[in-house]
Amino acid sequence: MSSEDLRSTRLDKVAQLQALGLNPYAYRWEVTHHAAELQQQYAELPNGEEVEIEVAIAGRIMARRVFGKLAFFTLQDETGTIQLYLDKGKIEASMPEVENAFAHLKQLTDAGDILGVKGNLRRTDKGELSVGVSQYQILTKSLLPLPDKWHGLTDVEKRYRQRYVDLIVNPEVQQTFRRRALITAAIRRLLSEKNFIEIETPVLQTEAGGADARPFITHHNTLEMDLYLRIATELHLKRLIVGGFERVFEMGRIFRNEGISTRHNPEFTSIEVYQAYGDYLDMMDLTEELITVPAQEVLGTLQISYQGEAIDLTRPWRRITMHDLVKEHTGLDFTQFTSVEEAKTAAKAAGIHGIDEIQSIGKLLNEAFEQKVETTLIQPTFVTDYPVEISPLAKPHRSKPGLVERFELFIVGRETANGFSELTDPIDQRDRLEAQAARKAAGDLEANSVDEDFLTALEYGMPPTVGMGMGIDRLVMLLCDCASIRDAVAFPLLKPETPES
RNA sequence: GGGUGACUGGCGCAAUGGUAGCGCAUCGGACUCUUAAUCCGCUGGUUCUGGGUUCGAGUCCCAGGUCACCCA
């Protein structure tokens, strides 16, 4: 039967229900119980026993096993499933106002329909906890067939494009998004307990700043100007620190006009946290808490498994400088190089490629780190003390020339968080942002213009501050064991199936 | 950006270059303890799109689309 035939069969049933005066799109159903709660509460009910308590539940019919005068449905609500025991005699005695109530149930319902039922609880002789239904109402008639009840929906493309179908037939998918909500709630609660407040900053901006990334451009009609979607929340949150807030954060959507992969979605959720009067050492402590507290709450353990790899989140996490890590993995001591050429020659000899155009020792160090070290950092590791060349918003290191007080957190070989003692010297900041603007003028699409108002704010004076940004999607991937960011995002961006042109 | 692979009824899958088939669901029938219910019967397809090779293409070739994985 074709898709259209299946649908028109269901539409016929809609018409039949309407002709019978049974609205196939009901208004409400008083739900008193949920499946999982009943399964747990009556786990000890013996086979063949019934309890004289009336329950009213609602959910989607997932399976139908129909006999002549008896039927069993599997009903799925948000919490799980429970069987319905549908006895012709009992239903027709309890629903005298509807003629042939049992026949309608058999003929006019399908797997996929939303059903509300009332009845009492019983455990069948075969041991299945069931609602012995006395009354039912078809709450919503479904027009489209569900995927195969046994094999389910496995086509990943369809799972992402039609997440609602994925959620209906793959209940474990629901768990990821439930956990995601618990993780973000735990983070917000923890920060609130530490007197951080969340302040929302603009998504539409006249300058995209705070990170090296290509922005999305949109257009405001009445102002007749292009606007950028934010690529970071950094510069506005720092303005709030200038304004006198000492502890602020924002968890929200960021947009970067870049590639799509198992680790990148064009829109993603970040949290940025700023704390006045602290430095990057303080923030490493807080970062550990911001991951371990949700992990412990949501998973109940700090010993987690990611794609088959055992990860130990027990604090404290290893802290090691970028220089030491590169030395450990390549034998190269970048502190010893006195010229770019010397560093480049040594790096090439160590097997680091694609560095011909690079014109600074710090960037060579970073290349060596990314190529030789990054993916080896499986257990949580804070990499510290980055080159100033790749850290335009970070404060110079108090004792190491050429470096800044910055850390990045790596887990399972992925950058998960990034923090630094914030640069508070407005003159130094202007120099660095202007250098970046020069790169933009020279054609670097990831470089951005100078945000003059941000520099003005810094000139009013920002207290010593530490800031940190963390990718929430990647944290969810880690804690929910998702191989792809698309499994951690309810509705990931996909190309349209049928392009216009 | 490069490479590899996948794409066939609603869903899950078959088919040496030779009649497009199976399971589930649907539809009709039987059935008061099933749970992938069972039994009987019947439907349902522009094989992702467009070209090409061939007597003949789901299958081979070219181009395009979407997705997945790997690499940069």
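When reading the values below, keep in mind they use all heavy atoms of this one structure, side chains included, and skip hydrogens, waters and symmetry mates.
- Atom CG in A/L494 sits about 16 Å away from atom P in B/G65, given to the nearest Å.
- Only the P atoms considered, B/G23 is 12 Å distant from B/C42, to the nearest whole Å.
- With contacts defined as side-chain heavy-atom distances shorter than 4.5 Å, the pair A/R214/A/R256 does not qualify.
- Judged by distance alone with a 3.5 Å cut-off, a donor-acceptor contact links the side chain of A/Y85 to the base of B/C33.
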- Task: Show your reasoning for whether ring-ring contact (aromatic ring centres under 6.0 Å, His included) applies to A/Y228 and A/F216.
- Result: CA-CA 6 Å; A/Y228 297 98; A/F216 283 92; over 10 Å; no

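- For the pair A/R406 and A/Y386, the distance from NZ or CZ to the six-membered ring centre is under 6.0 Å and the angle to the ring normal is within 45 degrees.
- Atoms NZ (A/K106) and P (B/A30) sit 8 Å apart, rounded to a whole Å.
- Listed nucleotides: B/U26, B/C11, B/G44. Nearest to the side chain of A/L153: B/C11.
- With C1' as the reference atom, B/G18 and B/U54 are 12 Å apart, rounded to whole Å.
- We find that OH of A/Y160 is positioned 12 Å from C1' of B/C69, with the value rounded to whole Å.
- Comparing B/G12, B/C69, B/G10 by their closest approach to the side chain of A/S484 singles out B/C69.
- Taking atom C1' in both B/C48 and B/A57, one finds a spacing of 16 Å when rounded to whole Å.
- One P atom belongs to B/A15, the other to B/G9, and the distance between them is 15 Å to the nearest Å.
- Of the nucleotides present, B/G3 is the one that pairs with B/C69 by Watson-Crick or G-U wobble criteria, both distances under 3.5 Å.
- Counting heavy-atom neighbours within 6.0 Å of A/E97 CD, excluding the residue itself, gives a total above 12.
- Residue contacts shown for A/T154 are limited to sugar-phosphate atoms, with no base heavy atom under 4.0 Å away.
- Side-chain rings of A/Y164 and A/F491 stay apart, their centers remaining 6.0 Å or farther from each other.
- Taking only side-chain nitrogens and oxygens, A/K13 comes nearer than 4.0 Å to OP1 or OP2 of B/C27.
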- Begin from the C-alpha positions of A/H34 and A/D77 and carry the test side-chain hydrogen bond (donor to acceptor under 3.5 Å, both in side chains) through to its verdict. CA-CA 7 Å; A/H34 283 88; A/D77 65 17; 4.6 Å; no

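- Spacing of P atoms, B/C71 relative to B/G10, comes out at 37 Å, to the nearest Å.
- The CD atom of A/E92 sits 13 Å away from the C1' atom of B/U32 (whole-angstrom rounding).
- Here B/C11 is the nucleotide among B/U26, B/C33, B/C11 with the atom lying nearest to any side-chain atom of A/P147.
- A cation-pi contact, defined as under 6.0 Å to the ring centre and within 45° of the axis, is absent between A/R65 and A/F73.
- Under the Watson-Crick or G-U wobble criterion, with both distances below 3.5 Å, B/A63 is paired with B/U49.
- Across all strands shown, B/C39 pairs with B/G29; the Watson-Crick or G-U wobble distances both stay below 3.5 Å.
- Nucleotide B/A57 is matched to nothing when pairs are restricted to Watson-Crick or G-U wobble geometry with both distances under 3.5 angstrom.
- For A/T262, whose side chain is taken as the heavy atoms from C-beta onward, the closest listed nucleotide among B/C33, B/C69, B/A68 is B/C69.
- If you check B/U19 for Watson-Crick or wobble pairing at under 3.5 angstrom, you find it has no partner at all.
- Proximity note for A/H353 (side chain, C-beta onward) versus B/A68, B/C33, B/A72: the nearest is B/A72.
- With hydrogens and angles ignored, a donor-acceptor pair closer than 3.5 Å exists between the side chain of A/D148 and the base of B/G23.
- Proximity note for A/E157 (side chain, C-beta onward) versus B/U35, B/U66, B/C27: the nearest is B/U66.
- Looking at heavy-atom distances under 4.0 Å, A/T9 makes contact with sugar-phosphate atoms alone, never a base.
- Distances shorter than 4.0 Å separate none of the side-chain N or O atoms of A/K495 from OP1 or OP2 on B/G65.
- Mapped onto RNA chain B by nearest heavy atom, A/L70 and A/S3 fall at different nucleotides, with A/S3 at the one closer to the 5' end.
- Residues A/G89 and A/E4 each lie close to RNA chain B; by heavy-atom proximity, the contact nearer the 5' end of the strand is made by A/E4.
- Of the listed nucleotides (B/G44, B/U35, B/C33), B/C33 has the atom at the smallest distance from the side chain of A/D125.
- Among B/U35, B/C27, B/A25, the nucleotide with an atom closest to any side-chain atom of A/D110 is B/C27.
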